[in-house]
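Working notes, structure below.
Side chains included, hydrogens not; waters and symmetry mates left out as well; all remaining heavy atoms used.
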Amino acid sequence: MILPPGASAAVAGPGPLRTPDLTAIRDPWLVSAPASALPDRAQPSLPGTNAVIVPLATPKPAATPRTQTSSGATGSSSHSISGSASWYCRAGSSPCTSGYPDGGGFDAYAAAGPRLRAAIGSSWRGKIVSVDGIRVKLIDWCQCFQGQSNEKLLDLYYDVFARVGFSVTIRW
């Protein structure tokens with residue numbers, strides 16, 4: 001080992017040394033005075049906050065959905081109901097109805113809530129309805145918060161819900 005000029009090699013002592021008393025250099029802000037001895041803190045007034053509202057556009061179809069009547073002519077749907085929707089099937093996030101997986105394409109399926117089932121009648125299962133202009137097949141049922149203020153008309157597969165949002169009009 002090469003030492004710089006004037007330096008000497010360190011020599012090990014005969015045993016451990018006592019830890020020096022560091023009281024004089026401890027952090028002075030760790031010791032605090034009683035609260036009654038402290039001056040009052042400033043209470044600045046801040047300006048009120050303003051809500052930031054960001055509108056989100058929900059795509060709605062321009063054309064009125066058309067259905068075929070028993071005579072073969074086309075016309076406007078004769079029945080409709082409006083209300084709230086939710087979603088329940090998205091690959092990797094939530095379960096889907098057995099036999100109807102969320103595939104790679106656009107899956108337009110839904111579970112009908114109590115109000116929608118009552119409005120359509122007993123033939124609701126398998127029925128194709130128009131949800132804001134998108135053809136959706138009713139393949140299942142949902143409890144959808146029946147009788148509560150947040151009751152939903154139907155639970156949509158995520159593909160449809162992502163296009164129509166929470167507030168929907170259903171025609172059949």
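Applying the disulfide (SG to SG under 2.5 Å) test to residues at least two apart or on different chains, none of the pairs has a partner in residues 104-133. Residue pairs meeting the side-chain hydrogen bond (donor to acceptor under 3.5 Å, both in side chains) criterion with at least one member in residues 86-99, sequence neighbours excluded: Ser86-Asp155, Tyr88-Thr97, Thr97-Asp140.
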Task: Thr169/Ser82 under side chain to side chain donor-acceptor pair (under 3.5 Å): CA gap, chis, key distance, verdict - done: CA-CA 4 Å; Thr169 299; Ser82 295; 2.9 Å; yes

Task: Stepwise side-chain contact (heavy atoms from CB on, under 4.5 Å) check, Val160 with Asp132 - done: CA-CA 10 Å; Val160 179; Asp132 288 341; over 6 Å; no

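Legend: residues meeting side chain to side chain contact (heavy atoms under 4.5 Å, CB included) with Ser84, ordered by chain and number and at least two apart, are Lys152. For Cys89, the side chain to side chain contact (heavy atoms under 4.5 Å, CB included) partners are Cys96, Asp102, Tyr157, not counting sequence neighbours. Tyr100 pairs by the ring-ring contact (aromatic ring centres under 6.0 Å, His included) definition with Tyr109, not counting sequence neighbours.
Of all non-hydrogen atoms in Asp107 and Asp159, the two that sit nearest each other are N-OD2, 2.8 Å.
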Pairs of donor and acceptor atoms involving the side chains of residues 114-126, under 3.5 Å and at least two apart or interchain, shall be tabulated with distances.
residue: Arg117; atom: NH1; partner: Ala112; partner atom: O; Å: 2.7
residue: Arg117; atom: NH1; partner: Cys142; partner atom: O; Å: 3.0
residue: Arg125; atom: NH1; partner: Ile139; partner atom: O; Å: 3.2

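Here the straight-line distance linking atom CD1 of Ile170 with atom CG of Leu153 works out to 4.5 Å at 0.5 Å rounding.
Residues Arg163 and Ile134 are in side-chain contact: their nearest non-hydrogen atoms beyond the backbone lie under 4.5 Å apart. Side chains of Ile128 and Val136 form no contact here, defined as non-hydrogen atoms less than 4.5 Å apart.
Between the side chain of Gln143 and the backbone N or O of Phe145, at least one donor-acceptor pair lies under 3.5 Å.
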